[in-house]
Amino acid sequence: MASEPDPSESRTQRHKCPACYKQFKRKLHLIEHMKISYHSVHQPRCGVCQKHCKSFESVREHISGPLAKSNCSKIFLNQGCNLCLKVLDSPAALNEHKQKCCLNAPVPLGTKIMPCIESHVILSGSIMDERHNGKGHGAIAMDCEMVGGGSDGSIDLCARVCLVDEDENLIFHTYVQPQIPVSNYRYEVTGVTEDHLRDAMPLNEVQDKILKILYNGESVGRIRLDGEKVRLLVGHGIQHDLDCLRMKYPGQLLRDTAKYRPLMKTNLLSHSLKHLTKTYLGYDIQSGIHDPYEDCISVMRLYKRMRGQDHQVEGLGNERANSGFDSIRSTELEKLTPDELYEISISDYKCWCLDLSKECSLGS
């Protein structure tokens with residue numbers, strides 16, 4: 001049975017959400033809003049008024065869209081970075097910040113026929129572990145280029161694969177021998193020809209080398225997700241790349257820029273890597289033939305930019321703050337202030353900033 005309206009509540013009283021600033025006539029309406037909004041310190045926010053949004057695209061609409069908030073828009077115009085959306089203390093600080101925030105496009109590998117490139121330094125072991133000791137799991141970015149198989153060329157076949165580390169070092173690159181005959185090389189996009197694949201590496205050998213890099217000495221059959229050796233795999237539509245490579249990798253170790261909530265459209269559909277790179281890194285890619293090295297670098301930079309956000313996460317000292325709304329009775333929720341309701345609101349996605357925390361549990 002629905003509870004009766006509280007006669008003590010004035011007809012003009014409003015209950016304001018402390019995160020997105022929506023207002024409600026009744027406290028119960030605010031509570032229901034908080035339950036489905038999943039507000040948290042990890043949500044993208046306006047750097048001026050701190051309003052929480054579902055995605056960075058929503059933040060952009062808030063500060064520069066047709067219905068932008070005038071005060072936020074004015075301040076952001078003079079002090080805001082249009083790439084990372086940070087608001088600096090002054091125009092001078094903004095100019096200095098932009099020199100670091102706007103990145104140069106990587107130099108593509110091109111499509112010349114080359115032997116397999118394999119970094120023996122990385123494959124030998126500890127370099128990644130030493131770099132990330134005490135800071136969670138290291139990451140590897142991967143990108144594949146597909147040619148077409150089948151009678152109509154619609155079957156995606158991995159013909160080229162590239163991996164880079166967090167320092168943008170090329171650690172593995174090879175052309176891949178397709179499992180079935182190629183009926184469409186998709187040359188305008190891939191730049192791949194029959195000559196590239198004539199002496200390409202067999203798929204099973206490619207799989208073994210990639211897994212050796214990713215598992216980094218861990219047992220494939222008995223992986224320790226709480227260990228520091230196994231690596232996060234970053235990509236754009238990464239599951240599709242894995243499917244075309246006929247490989248499996250634990251979902252909690254995948255970081256996909258196509259499916260990461262803050263990087264998605266306002267309606268939660270995916271943006272292209274080309275769009276994300278231009279919007280958040282400041283340069284163009286895929287203007288002609290797609291280069292897997294260029295895409296790898298870009299997806300790693302996007303991941304690191306998202307991971308590097310400082311959300312000032314503090315250890316919540318009470319059990320209620322970690323349990324969410326479901327464990328608290330509605331009568332108790334009605335007694336909480338809007339700020340207290342916000343404190344128990346839990347994000348519905350794993351923020352990548354937590355990847356730098358050794359204590360954090362892995363999640364997608």
Side-chain angles (χ1 to χ4, degrees), residues 55 136-150 153-166 171-174 176 178-180 186 189-190 203-216 218 220-221 223 225 230-265 267-277 280 285-286 290-307 347-352 354-355 361-364:
S55 66
H137 296 244
I140 297 291
M142 183 175 77
D143 184 71
C144 299
E145 292 300 324
M146 315 298 180
V147 293
S154 63
I155 300 175
D156 286 340
L157 304 173
C158 180
R160 192 180 183 189
V161 61
C162 180
L163 278 73
V164 303
D165 66 11
E166 290 192 19
I171 59 176
F172 184 66
H173 171 270
T174 189
V176 184
Q179 295 291 287
I180 62 175
R186 305 173 183 173
V189 174
T190 67
L203 182 61
N204 61 340
E205 189 175 341
V206 173
Q207 294 167 341
D208 290 342
K209 289 184 179 295
I210 293 176
L211 288 178
K212 185 177 181 181
I213 294 170
L214 295 178
Y215 282 94
N216 194 27
E218 293 281 3
V220 175
I223 183 174
L225 296 182
V230 66
R231 292 161 181 170
L232 300 173
L233 180 59
V234 185
H236 191 80
I238 189 64
Q239 189 58 58
H240 178 63
D241 285 352
L242 288 170
D243 290 343
C244 291
L245 285 166
R246 300 186 181 182
M247 291 176 57
K248 292 183 179 181
Y249 201 59
Q252 59 266 52
L253 296 175
L254 301 180
R255 299 293 181 265
D256 194 339
T257 54
K259 295 183 178 180
Y260 188 51
R261 189 72 58 82
L263 290 176
M264 298 178 79
K265 298 179 182 180
N267 59 4
L268 298 183
L269 295 177
S270 299
H271 277 297
S272 68
L273 180 59
K274 180 181 178 71
H275 172 86
L276 293 177
T277 300
Y280 294 93
I285 61 170
Q286 300 177 351
H290 292 198
D291 189 281
Y293 174 72
E294 188 179 48
D295 290 356
C296 269
I297 297 296
S298 299
V299 82
M300 178 60 80
R301 289 174 177 178
L302 284 167
Y303 167 71
K304 289 171 66 177
R305 182 150 288 184
M306 293 297 105
R307 186 185 67 179
S347 177
D348 61 342
Y349 66 92
K350 165 70 181 295
C351 183
W352 289 348
L354 299 175
D355 288 344
S361 59
L362 289 171
S364 57

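No hydrogens, no waters, no symmetry mates; every other heavy atom, side chains included, goes into these values. Numbering of residues begins at 1 and proceeds along the displayed sequence.
Residues Val230 and Tyr249 have side chains in contact (heavy-atom distance under 4.5 Å, counting atoms from C-beta outward). Here the side chains of Met247 and Asp241 are not in contact, with every heavy-atom distance at 4.5 Å or above. Looking only at side-chain heavy atoms (C-beta outward), Ile140 and Met300 stay at 4.5 Å or farther from each other. A 4.5 Å side-chain heavy-atom check between Lys304 and Val234 finds every atom pair outside the cut-off. Two residues are said to be in side-chain contact when any heavy atoms from C-beta on lie closer than 4.5 Å; Val299 and Ile238 fail this criterion. Under the 4.5 Å side-chain criterion, counting only non-hydrogen atoms from C-beta, Leu302 is in contact with Leu273. The closest side-chain heavy-atom distance from Asp256 to Leu254 is not below 4.5 Å. Proximity of Lys212 to Asp208: side-chain heavy atoms (C-beta onward) are nowhere separated by under 4.5 Å.
A distance of 9.5 Å separates CG in Asp291 from CD1 in Ile285, rounded to the nearest 0.5 Å. Distance check: Asn204 CG to Arg246 CZ gives 11.0 Å after rounding to the nearest 0.5 Å.
Lys248 NZ: 12 or fewer foreign heavy atoms inside a 6.0 Å radius. The local environment of NZ in Lys274 is crowded, with over 12 non-hydrogen atoms from other residues, nucleotides or ligands closer than 6.0 Å.
A salt bridge links Arg261 to Asp348: one of the charged nitrogens lies within less than 4.0 Å of a carboxylate oxygen.
The two atoms that bring His173 and Cys162 nearest to each other are CD2-CB, 4.2 Å, heavy atoms only. Nearest heavy-atom pair across Leu354 and Lys350 is CB-CE, 3.4 Å. Nearest heavy atom pair, residue Cys244 against residue Asp156, reads SG-CB, 3.7 Å. When all heavy atoms of Ile180 and Gly150 are compared, the closest pair comes out as CD1-N, 4.1 Å. Summarising the geometry of Gln207 relative to Leu245, their closest heavy-atom pair is NE2-O, 2.7 Å, with the distance given to 0.1 Å. Between Arg307 and Asp355, the shortest heavy-atom contact is CD-CB, 4.0 Å.
Put simply, the side chain of Arg255 never gets that close to the backbone of Tyr303: no donor and acceptor are under 3.5 Å apart. Tyr260 places a side-chain N or O within donor-acceptor distance of the main-chain N or O of Trp352, the cut-off being under 3.5 Å. Glu166 contributes a side-chain N or O that, together with a main-chain N or O of Ala139, makes up a donor-acceptor pair within less than 3.5 Å. His236 places a side-chain N or O within donor-acceptor distance of the main-chain N or O of His271, the cut-off being under 3.5 Å. Remark: the backbone N or O of Ile213 is paired with a side-chain donor or acceptor of Arg231 at under 3.5 angstrom.
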- Message: Before you tell me yes or no, could you show the steps for Leu163 and Ile171 under side-chain contact (heavy atoms from CB on, under 4.5 Å), namely the whole-Å CA-CA distance, both residues' side-chain angles and the distance that decides it to 0.1 Å?
- Response: CA-CA 6 Å; Leu163 278 73; Ile171 59 176; 3.9 Å; yes
- Task: Take Asp143 and Glu294, measure what side-chain contact (heavy atoms from CB on, under 4.5 Å) needs, and give me the verdict at the end.
- Result: CA-CA 9 Å; Asp143 184 71; Glu294 188 179 48; over 6 Å; no
- Query: After noting the C-alpha distance and the side-chain angles of Met146 and Cys158, does the key distance pass the side-chain contact (heavy atoms from CB on, under 4.5 Å) rule?
  - Reply: CA-CA 5 Å; Met146 315 298 180; Cys158 180; 4.0 Å; yes
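The side-chain contact (heavy atoms from CB on, under 4.5 Å) search around Thr174 returns Cys116, Val161, Phe172, Val176, Met201, Val206, not counting sequence neighbours.
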